[in-house]
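Everything below concerns the one structure shown next.
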Amino acid sequence: AKPVVKRPQEPAKPYSYYEEEVQFTNPQANITLAGTLSLPKKDGHYPAVILITGSGPQNRNEELLGHKPFLIIADYLTNNGIAVLRFDDRGVGQSKGEFKTATSADFATDVESALAYLKTRKEINQTKIGLIGHSEGGIIAPMVAARSKDINFIVLLAGTGIPGDQLLLLQQELIGRASGVSEIEIKKNFETNKQAFDMVVHAKDDQKLKIDLTNSLKQIIANEPGTIPKGTTETAFIEAQVNSITNPWMLYFIRLDPAIALQKVKCPVLAINGEKDLQVPPKQNLAAIENALKKGGNKNVTIKQYAGLNHLFQESTTGAPSEYAAIEQTFSPLVLREITAWIKNQ
């Protein structure tokens, strides 16, 4: 039998608030998305937030490694008088569409359709709709807010502020170090990846890019015969590497500078990050987010770093992703309280 994972923060039914399964359409992508709308009471007029998941295919609870962060956040906010809409990523759970060909820009249109849906609900105060995005969701929220006057505020939970290629290099280095990879190996990986990402950033033609990446990898393997894992052929290894870099999501991410959307965001912004986050390192990203918002003239910006918290906002020891599943806590209660207080102030 599988060991029962303790997740003490998960709420038990029946909830003290009203919850409804909903569906809405993204007309641009021609797909139906499915989610859960929770309201403090069935009738009323409430401020609302839309929750936006991080990278990788996730359901409405942003479920990963036995944790359901969005269930915890939605429950807390709804209990505090704020309506919440959370939905399965396209191609996940009850939502239609294709996940693996979609980019952050596509997911932004999914969020826009969630916003359009909320505006049809009489229980929602149209002047008080905000977005909370985690990780990649923290890139998507500013994209949506930059294009829409209907977004009243945004909360970026471990959102990124530096270009995608830089973020990935930093992430690989920090996670490598926390996992005990040697400095020589870290440096070698950095050089290989930097070379590949530079090719992506400067490529004029994505078909030619695949050929160039293949040739570049062949060159690296010729110089470093130990690169290929045992039991894998060179061809299979190279193909897997090239595909992982040239899928639509990754190409878009590597080339994206989140500062461009951030400079256009005029609504209030709360940007927070865990001090032990190795996936979106706080120092570089919070500074870049703050700079971009200030450059755009946004005066209502709150930036905060939380001691001891990792990328999922759990109280953690090293911050390494290998700890996520083992930690019982799903989401810091302090951060829940402070997000809620900030939203109520807006």
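A quick note: this is a predicted structure, and the numbers were derived from the prediction, not measured. Hydrogens, waters and symmetry mates are skipped; everything else that's a heavy atom, side chains included, is used.
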- Query: Under 3.5 Å, is there a donor-acceptor pair linking the side chains of Tyr17 and Asp75?
  - Reply: yes
- Task: Establish, from distance only, whether the side-chain atoms of Glu136 and Ser104 form a donor-acceptor pair under 3.5 Å.
- Result: yes
- Query: Short question: side chain of Lys96, backbone of Asn30 - any donor-acceptor pair under 3.5 Å?
  - Reply: no
- What closest approach, in Å, do Phe70 and Ile52 show between heavy atoms, and which atom pair accounts for it? CZ-O, 3.3 Å
- Heavy-atom check, side chain of Leu39 versus side chain of Arg121, under 4.5 Å: yes
- For the residue pair Asn80 and Thr340, confirm or rule out a side-chain donor-acceptor distance under 3.5 Å. no
- Would you indicate whether the side-chain heavy atoms of Glu275 and Lys283 approach each other to under 4.5 Å? no
- Query: Does the pair Asp206 and Lys210 meet the rule for a salt bridge (charged side-chain N to carboxylate O under 4.0 Å, His left out), with working shown?
  - Reply: CA-CA 6 Å; Asp206 289 346; Lys210 283 187 175 179; over 6 Å; no
- Phe87 and Phe24: aromatic ring centres closer than 6.0 Å? yes
- Message: Just by distance, no angles: are the side chains of Thr103 and Asp106 close enough, under 3.5 Å, to form a donor-acceptor pair?
- Response: yes
- Item | Shortest non-hydrogen contact between Thr330 and Gln9, atoms and distance | N-OE1, 2.6 Å
- Message: Given 3.5 Å as the limit, does a donor-acceptor pair link the side chain of Asn298 with the main chain of Val265, or not?
- Response: yes
- Message: Go through it in stages, so that I can follow the logic: the residues are Lys187 and Glu173, the test is salt bridge (charged side-chain N to carboxylate O under 4.0 Å, His left out), and I'd like the CA-CA distance, side-chain angles, deciding distance and then a yes or no.
- Response: CA-CA 8 Å; Lys187 188 171 185 291; Glu173 179 185 339; over 6 Å; no
- Scan side-chain atoms only and decide if Asn79 and Ser16 contain a donor-acceptor pair under the 3.5 Å cut-off. yes
- Of all heavy-atom pairs between Gln171 and Gln279, which one has the smallest distance, and what is that distance? NE2-O, 2.9 Å
- Do we see a donor-acceptor contact under 3.5 Å between the side chains of Asn310 and Glu323? no
- Task: Pick out which of Tyr76, Phe313, Tyr324, Tyr306 makes a ring-ring contact (aromatic ring centres under 6.0 Å, His included) with Phe331.
- Result: Phe313
